[in-house]
Amino acid sequence: MRGAKILGTGRALPPHVVTNAYLTTLMDTTEEWIVQRTGIRERRFVDPGTGASDLGVTAARLAIERAGLTPKDIQFLVFATLSPDMFFPGCGVLVQEKMGMDTIGALDVRTQCTGFLYGLSVAEAYVKAGFYDYVLVIGAEVQSTGMDLSTAGRDVSVIFGDGGGAAVVGPSDPGRGILSSHLHSEGKYARELMAEAPASIEHPRISKEMIDAGRHYGTMNGRYVFTHAVRRFPEVIREALEANGMTLSDLSIVIPHQANLRITQAVAKALEVQPEKVFSNIEKYGNTTAASIPIALDECVEEGRIREGDIVCLAAFGSGFTWASTLIRW
Ligand code: UT7
């Protein structure tokens with residue numbers, strides 16, 4: 001069977017920078033609390049009228065260009081987001097239309113923080129199997145329109161930001177590129193990090209009462225998420241290495257989902273790898289959920305942090321709970 005590798009990456013960050021100082025004007029919080037507990041100094045918010053599909057398109061254009069391709073070459077696309085432009089249809093078809101692509105298949109993934117890695121595993125499998133040659137994977141989020149920016153929502157809303165990232169996957173020699181994907185879920189924790197509404201188990205799916213109760217905002221059991229994250233990240237990274245007969249010393253870099261700087265630091269400590277081997281850019285963008293890994297990957301490529309032959313591990317944990325890893329020989 002042939003291999004599958006990432007041919008190009010791209011990212012899209014809205015120009016509007018939202019500092020911690022600005023958030024202190026909206027809610028009862030402090031710059032110190034945010035920096036100490038999360039490592040975040042600023043994040044980006046979209047201007048009204050920009051959807052996750054728009055951020056995805058901008059990132060995708062760059063990824064396709066860097067892969068040396070055009071949108072017409074893409075044979076299948078996957079869009080991962082928890083913040084689609086509308087309830088249905090998903091963002092995948094909007095990208096197909098906005099990029100003037102042929103009537104290719106467009107799949108939407110709903111696994112939140114792990115969405116990009118779940119999407120990448122679909123691309124990996126299709127390309128390795130020879131089903132398609134070029135698959136586009138996008139992770140993009142507009143979190144800012146779904147957050148309670150008052151004191152009541154401060155534990156969630158200081159963490160999240162908007163952004164998009166993309167990668168094009170294409171054929172490679174066997175043993176080069178994406179080596180394996182490892183995907184997990186544990187739905188008994190679904191309610192620990194969720195946005196309940198609009199909800200199809202309610203009629204209507206969204207009502208004034210639901211809005212008054214804030215049920216359309218994301219809610220999070222922060223400590224619970226933290227505890228599970230620091231266990232699952234190292235576990236799924238080790239799983240990837242073991243499946244490929246490698247050890248931690250083979251790793252060139254880990255690119256974790258940017259959930260919280262303290263989680264990233266705890267992962268480095270648990271794995272006993274040098275902190276600089278675990279990439280972090282959360283201070284600039286906050287937690288951009290499905291977008292955080294492709295944004296980070298694109299920055300690593302641009303900064304020369306990843307070289308040909310490097311062993312790169314992408315890893316994520318989040319709402320669902322879901323967790324995942326992707327091991328790559330770059
Ligand atoms: O992609 C996965 C996404 N989620 C995560 O990664 C979240 C993982 N969890 C965390 O990162 C942390 O749990 C948080 C950063 C969310 C919270 O940190 P914590 O150390 O677990 O704080 P806490 O929730 O236990 O709250 C401590 C205090 C509380 O006050 P009291 O009860 O001690 O008086 C909160 O009300 O901090 C208060 N607090 C805040 N204070 C200022 C909560 N949010 C804020 C805030 N500013 N934004």
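All ligand and atom numbering here is 1-based and tracks the order in the structure. When reading the values below, keep in mind they use all heavy atoms of this one structure, side chains included, and skip hydrogens, waters and symmetry mates.
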Practice task
Return yes or no for this condition: an N or O of R154 is under 3.5 Å from an N or O of ligand 1.
Solution key: yes

Practice task
Would you check if there is a donor-acceptor pair between the side chains of E299 and N281 at a distance under 3.5 Å?
Solution key: yes

Exercise for the section: Give the single entry among R37, Q36, Q112, M27 that approaches atom 22 (O) of ligand 1 most closely by any heavy atom. Expected result: R37

Practice task
Write down the atom of C313, the atom of S325, and the distance for their closest heavy-atom approach.
Solution key: SG-CB, 4.3 Å

Fill in the blank from the handout: protein heavy-atom neighbour closest to atom 7 (C) of ligand 1 works out as M220 SD, 3.6 Å

Practice task
State which residue, out of N20, T288, T19, fulfils the side chain to side chain donor-acceptor pair (under 3.5 Å) condition with R43.
Solution key: N20

Practice task
Using distance alone, decide if ligand 1 has a nitrogen or oxygen within less than 3.5 Å of any nitrogen or oxygen in T29.
Solution key: yes

Exercise for the section: Please determine if G318 has a nitrogen or oxygen closer than 3.5 Å to a nitrogen or oxygen of ligand 1. Expected result: no

Practice task
Could you list who else is in V93's hydrophobic cluster, with ILVMFWY side chains joined at under 4.5 Å, directly or through other members?
Solution key: M86, L94

Exercise for the section: Would you confirm whether any non-hydrogen atom of the protein falls under 4.0 Å from atom 34 (O) of ligand 1? Expected result: no

Problem - Short side-chain donor-acceptor distance under 3.5 Å, E235 and H184 - result: no

Problem - Closer than 4.0 Å: a protein non-hydrogen atom to atom 30 (O) of ligand 1 - result: no

Fill in the blank from the handout: Checking I306, V254, L251 against V312 for side chain to side chain contact (heavy atoms under 4.5 Å, CB included), the one that qualifies is I306

Exercise for the section: State, to 0.1 Å, how close A80 and A290 come at their nearest heavy-atom pair, and which atoms those are. Expected result: O-CB, 3.5 Å

Problem - Flag: protein heavy atom within less than 4.0 Å of atom 19 (P) of ligand 1 - result: yes

Handout entry: Residue and atom name of the nearest protein heavy atom (relative to atom 5 (C) of ligand 1), distance in Å to one decimal
Key = V225 CG1, 3.8 Å

Handout entry: Minimum-distance protein heavy atom relative to atom 17 (C) of ligand 1
Key = W33 CH2, 3.8 Å

Practice task
Record the part of R262 in heavy-atom contact with ligand 1 below 4.0 Å; permitted values are side chain, backbone, both and neither.
Solution key: side chain

Practice task
Go through the side-chain N and O atoms of T289 and Q112 and say whether any donor and acceptor fall under 3.5 Å apart.
Solution key: no

Handout entry: Any non-hydrogen protein atom less than 4.0 Å away from atom 24 (O) of ligand 1
Key = no

Problem - Nearest non-hydrogen protein atom, atom 13 (O) of ligand 1 - result: G222 C, 3.1 Å

Problem - Part of T289 with heavy atoms under 4.0 Å of ligand 1, whether side chain, backbone, both or neither - result: neither

Practice task
Using a 4.0 Å heavy-atom cut-off, say whether D155 meets ligand 1 through its side chain, its backbone, both or neither.
Solution key: both

Practice task
Please report the closest heavy-atom contact between L149 and M27, naming both atoms and the distance.
Solution key: O-CE, 3.5 Å

Practice task
Within a distance under 4.0 Å of any heavy atom of V158, pick out the atoms of ligand 1 and give their elements.
Solution key: 48 (N)

Exercise for the section: To the nearest 0.5 Å, tell me how far I40 CD1 sits from E31 CD. Expected result: 13.0 Å

Handout entry: For atom 11 (O) of ligand 1, the option (of N260, I40, N287, T264) bearing the nearest heavy atom
Key = N260

Handout entry: Closest heavy-atom pair and its distance - R305, E276
Key = NH2-O, 3.0 Å

Completion exercise
For L23 and S157, the nearest pair of non-hydrogen atoms, with its separation, is CD1-O, 4.4 Å

Problem - Residue part near ligand 1, for I263, under 4.0 Å between non-hydrogen atoms - result: side chain

Exercise for the section: Would you please determine whether I159 falls within less than 4.0 Å of ligand 1 on a heavy-atom basis? Expected result: yes

Handout entry: atom 46 (C) of ligand 1 protein-contacted, heavy-atom criterion under 4.0 angstrom
Key = yes

Handout entry: For ligand 1, the portion of C113 having any non-hydrogen atom under 4.0 Å away
Key = side chain

Exercise for the section: Under the ring-ring contact (aromatic ring centres under 6.0 Å, His included) rule, collect the residues that match up with Y189, sequence neighbours excluded. Expected result: Y224, H228, F321

